[in-house]
Engineer: 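Just passing along the structure, written as structure tokens.
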Amino acid sequence: MLDIRLIREKPDFVRERLATRGGGDEVKIDEVLRVDAEWRKAETELQQLQSERNRLSKEIGGKKSRDQATEDLEASVRKIGGQIVDLNARTNLLDGEERDLLLEIPNLPHQSVPIGKDPSANRVVRSWGKKPQLTKPADHVALGAKLKLFDLERAAKLSGSDFICFTGAGAKLERALINFMVDLHTREHGYTEISPPFLVRRDCMIGTSQLPKFEPDMYGLDQNQLFLAPTAEVQLTNLHHDEILRVTDLPRKFVAYTPCFRREAGAAGRETRGIIRVHQFDKVELVKITTPETSYEELESLTIDAERVLQLLALHYRVVELCTGDLGFGSAKTFDLEVWSPGQDAYLEVSSCSNFEDFQTRRMQLRFKDRDGKNRFCHTLNGSGLALPRLFAALIENYQQPDGSVRVPEKLQPYFGAETINHE
RNA sequence: GGAGGGGUGGCAGAGCGGUUGAUUGCGCCGGUCUUGAAAACCGGAAGGCCGAAAGGCCUCGUGAGUUCGAAUCUCACCCCCUCCGCCA
């Protein structure tokens, strides 16, 4: 949520920054300002009446204690009371309207973000490793079938299309990757491991800005008013919502492995083959809660923490800085990690590392007391570290051998318990 | 599913119709003392909104009600906890 004061003071600046996203959201600013002006007018009027009531009530109290008549005063207060009720209803209505509008406006891109309409304007900031030399590489679907690593047909029996059922060595590889990543981030990168619930309340989903705008993409349990979390970002970022943290407690760094649930309503055919885009997938997520002063350094280090997974697995990847038009709703700046997929002959997004600045914390009232004793909104960041199905796919494609087996990366062998994955 | 208890400032915990936006303890910040720290002592600070400012307003889970006046009384809702039952 944007700061209403910023919108009041620099509406042109806000409009201009929003326009760089290309979503047309800048037109909402006029509406917000109109409602805000109306609300403030009503609020001021309301406060004057309340002030008057307080003054008269105090006077009544004084007179009563001296046994003096108060009928006239009481009548006046009653009259003011009626006006207050009406005006209060109005300010509440306007206030709610204003908040609803603000909740649907995306974050402002950071000044450093390249301007652009679509992914073609994204900027590759670095790449690591190189593509493996493979002649006619099989893609993960073929490899998975041959080695019986997952079974999409059987998954469909259970849950419908676009679900994965890992099997045998595939299930074990998935589990090995999870443990490998969580251990790495806890032992070497200083994150605290969390194992959160997978169902979350509506207000948490609003806090991290999946709602209200993206409700059609979410799985919800109407009966219980709960949602299946689409990413552990929701749980980890909301851990401290409605709190005032001490500055000495920051930054907080969390890592969690969780399944993630996405309806992806209307997702098109592109990039959906095999296990690349599914309704449920596992992910190891990194979240940081920081002060505003350090959040951009923390974004750099968070990205590097995620990259480290790919480096240790010796997988070629590149880091892409998203342009304004490709930025997620709440993000001010994002680096995507894209791993090389020989089978797709393309790069696959396996992580999205973003700084949300105070966009989420303003929604969820997450603050810290700074060294001057002033309460300020924290900054929040998150990134996958990493998303599993795509990492899985890239891994087996990159490590496939001429004989049809898959070699297990050295660092993963202690977790997997073998050096290769062979035919049964 | 059944029965009960409770939601107050960073935390714990008083207050139960009128200078109580709130006693106190812990924690926190500043100071004195100390080589430094601890202890002790003194002092400071709830959150938010409107306003250029002066100042004003709101908030004791949320909303409505009673009242001249509500943290305090009534009702509804939300949330948390305990016990019993069922269950992994």
Side-chain angles (χ1 to χ4, degrees), chain A residues 1-10 32-102 195-207 211 220-227 235 238-250 252 259 289 291 358 361-378:
Chain A
M1 192 160 71
L2 298 181
D3 185 354
I4 184 63
R5 272 173 287 207
L6 179 68
I7 298 177
R8 278 178 204 149
E9 288 161 21
K10 300 178 178 172
V32 170
L33 286 171
R34 186 183 63 71
V35 175
D36 182 57
E38 257 185 84
W39 170 76
R40 277 196 288 171
K41 183 161 165 279
E43 179 70 22
T44 303
E45 206 177 318
L46 174 67
Q47 290 186 4
Q48 283 164 357
L49 288 173
Q50 286 169 329
S51 175
E52 180 70 2
R53 177 175 68 179
N54 290 346
R55 192 178 65 75
L56 293 177
S57 292
K58 212 167 269 179
E59 207 176 311
I60 291 171
K63 288 203 171 186
K64 286 244 187 207
S65 67
R66 277 174 270 121
D67 270 341
Q68 294 172 337
T70 57
E71 286 78 9
D72 290 356
L73 282 171
E74 286 180 31
S76 309
V77 173
R78 237 187 303 266
K79 188 171 159 229
I80 293 173
Q83 293 175 297
I84 286 176
V85 167
D86 292 345
L87 205 51
N88 189 39
R90 184 170 155 71
T91 55
N92 285 342
L93 200 74
L94 288 166
D95 192 41
E97 201 180 323
E98 182 167 348
R99 182 176 166 83
D100 289 346
L101 287 167
L102 286 171
S195 181
F198 305 151
L199 298 177
V200 294
R201 295 188 161 127
R202 178 172 212 99
D203 57 290
C204 291
M205 295 283 278
I206 291 173
L211 297 183
L221 283 70
D222 294 341
Q223 204 183 349
N224 303 298
Q225 282 289 302
L226 290 170
F227 290 84
Q235 294 98 312
N238 275 290
L239 273 179
H240 292 293
H241 81 179
D242 257 317
E243 293 187 33
I244 300 174
L245 302 174
R246 299 170 198 197
V247 67
T248 50
D249 289 336
L250 300 177
R252 310 238 46 199
I289 301 172
T291 62
D358 61 4
T361 55
R362 182 171 281 108
R363 288 172 166 242
M364 65 173 75
Q365 288 294 307
L366 169 52
R367 292 166 292 175
F368 72 102
K369 200 173 278 292
D370 72 15
R371 294 186 197 283
D372 300 324
K374 205 167 148 244
N375 295 331
R376 298 162 62 198
F377 288 108
C378 301

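When reading the values below, keep in mind they use all heavy atoms of this one structure, side chains included, and skip hydrogens, waters and symmetry mates. Naming: A, B, ... by sequence-line order, numbering from 1 per chain.
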Engineer: Would you say B:rG48 has OP1 or OP2 under 4.0 Å from some side-chain N or O of A:Arg367?
Structural biologist: yes
Engineer: Is a side-chain N or O of A:Arg362 found less than 3.5 angstrom from the main chain of A:Met1, in a donor-acceptor match?
Structural biologist: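 Side chain of A:Arg362 to backbone of A:Met1, a donor-acceptor pair under 3.5 Å: yes, one is there.
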Engineer: In whole angstrom, give me the gap between the P atoms of B:rC80 and B:rA12.
Structural biologist: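 The answer is 16 Å between these two P atoms.
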Engineer: Identify which nucleotide among B:rC28, B:rC50, B:rG56 has an atom closest to any side-chain atom of A:Arg246, counting heavy atoms from C-beta outward.
Structural biologist: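 For the A:Arg246 side chain, the nearest candidate turns out to be B:rC28.
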Engineer: Looking only at atom C1', what distance separates B:rG1 and B:rC11, rounded to whole Å?
Structural biologist: 35 Å
Engineer: Do you know which of A:Asp249, A:Thr248, A:Asn375 makes side chain to side chain donor-acceptor pair (under 3.5 Å) with A:Lys369?
Structural biologist: A:Asn375
Engineer: Which residues pass the side chain to side chain donor-acceptor pair (under 3.5 Å) test with A:Gln48, not counting sequence neighbours?
Structural biologist: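 For A:Gln48 there are no side chain to side chain donor-acceptor pair (under 3.5 Å) partners, ignoring immediate neighbours.
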Engineer: Whole angstroms only, please: what is the CG-P distance between A:Leu366 and B:rG10?
Structural biologist: 13 Å
Engineer: Using the C1' atoms only, state how far B:rA52 lies from B:rC79, rounded to an integer number of Å.
Structural biologist: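 Per the computed distance, 42 Å lies between those C1' atoms.
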Engineer: When you measure from the side chain of A:Asn375, which nucleotide among B:rG56, B:rC50, B:rG48 comes out closest?
Structural biologist: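 Closest of the options to the side chain of A:Asn375: B:rG48.
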Engineer: How do A:Ser51 and A:Ile244 order along RNA chain B: which one's closest nucleotide is nearer the 5' end?
Structural biologist: A:Ile244
Engineer: Which residue is it: A:Leu366, A:Thr291, A:Asp358, A:Ile244? I am looking for the one with a side chain to side chain contact (heavy atoms under 4.5 Å, CB included) to A:Cys378.
Structural biologist: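 By the side chain to side chain contact (heavy atoms under 4.5 Å, CB included) criterion, A:Cys378 pairs with just one of A:Leu366, A:Thr291, A:Asp358, A:Ile244: A:Leu366.
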Engineer: Whether A:Arg8 contacts B:rC50 is assessed here as follows: a side-chain N or O lying under 4.0 Å from the phosphate OP1 or OP2. Is that the case?
Structural biologist: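 Answer is yes, contact under 4.0 Å.
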Engineer: For A:Asp36 and for A:Asn92, locate the closest nucleotide of RNA chain B by heavy-atom distance; then report the residue assigned to the nucleotide nearer the 5' terminus.
Structural biologist: A:Asp36
Engineer: Any side-chain N or O of A:Lys369 below 4.0 angstrom from OP1/OP2 of B:rA45?
Structural biologist: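 Answer is no, no contact under 4.0 Å.
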Engineer: What residues form a side chain to side chain donor-acceptor pair (under 3.5 Å) with A:Arg202, not counting sequence neighbours?
Structural biologist: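 If we apply the side chain to side chain donor-acceptor pair (under 3.5 Å) test to A:Arg202, skipping adjacent residues, the hits are A:Glu215.
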Engineer: In whole Å, I'd like the distance from the CZ atom of A:Arg376 to the C1' atom of B:rG48.
Structural biologist: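 These atoms are roughly 17 Å apart.
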Engineer: Taking only side-chain N and O atoms of A:Arg5, does any of them lie within less than 4.0 angstrom of OP1 or OP2 on B:rC49?
Structural biologist: yes
Engineer: Taking all heavy atoms of A:Phe368 and all of A:Phe377, pick out the closest pair and write down the distance.
Structural biologist: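 Scanning both residues completely, I find the closest heavy atoms to be CE2-O, 3.6 Å.
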Engineer: Between B:rG51 and A:Arg40, is there an OP1 or OP2 to side-chain N/O distance shorter than 4.0 Å?
Structural biologist: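 It does, given that an N or O in the side chain of A:Arg40 lies less than 4.0 Å from OP1 or OP2 of B:rG51.
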Engineer: Rounded to whole angstrom, note down the P distance from B:rA64 over to B:rA70.
Structural biologist: 13 Å
Engineer: Under 4.0 Å between a side-chain nitrogen and a carboxylate oxygen: does that hold for A:Arg40 and A:Asp36?
Structural biologist: yes
Engineer: Figure out the CZ/P separation between A:Arg90 and B:rC58, and round it to whole Å.
Structural biologist: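 Going from A:Arg90 (CZ) to B:rC58 (P), I get 19 Å.
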Engineer: Keeping A:Glu43 on the side-chain end and A:Thr91 on the backbone end, is there a donor-acceptor pair under 3.5 Å?
Structural biologist: no
Engineer: Rounded to whole angstroms, how far apart are CD on A:Gln365 and P on B:rU59?
Structural biologist: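 These atoms are roughly 17 Å apart.
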Engineer: Take atom CD of A:Glu243 and atom C1' of B:rG9, then tell me their distance rounded to the nearest Å.
Structural biologist: 14 Å
Engineer: What integer distance in Å separates A:Gln47:CD from B:rG55:C1'?
Structural biologist: 11 Å
Engineer: Can you find a pair of side-chain heavy atoms, one from A:His241 and one from A:Asp203, that are under 4.5 Å apart?
Structural biologist: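 Yes; the side chains approach each other to less than 4.5 Å.
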Engineer: Please give the distance between the P atoms of B:rG61 and B:rG21 as a whole number of Å.
Structural biologist: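 It works out to 16 Å between them.
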Engineer: Provide the distance between the two C1' atoms, one in B:rU20 and one in B:rU72, to the nearest whole Å.
Structural biologist: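 These two C1' atoms come out 11 Å apart once rounded.
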Engineer: Could you tell me how far B:rC57 sits from B:rA76 if I compare only their P atoms? Round to whole Å.
Structural biologist: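 B:rA76 and B:rC57 have their P atoms separated by 33 Å.
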Engineer: Round to a whole Å and report the spacing from CG of A:Leu46 to P of B:rC57.
Structural biologist: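 Interatomic distance, CG of A:Leu46 to P of B:rC57: 11 Å.
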Engineer: Can you list the stems that include RNA chain B, where a stem is three or more consecutive Watson-Crick or G-U pairs with distances under 3.5 Å?
Structural biologist: B:1-7 with B:78-84, B:10-12 with B:24-26, B:28-32 with B:40-44, B:46-50 with B:55-59, B:61-65 with B:73-77
Engineer: How far, in whole Å, is B:rA45 from B:rG9 if one measures between their C1' atoms?
Structural biologist: 11 Å
Engineer: Whole-Å distance between B:rG47 P and A:Asp242 CG?
Structural biologist: 15 Å
Engineer: Would you say A:Arg201 places a side-chain N or O within less than 4.0 Å of OP1 or OP2 belonging to B:rC80?
Structural biologist: yes
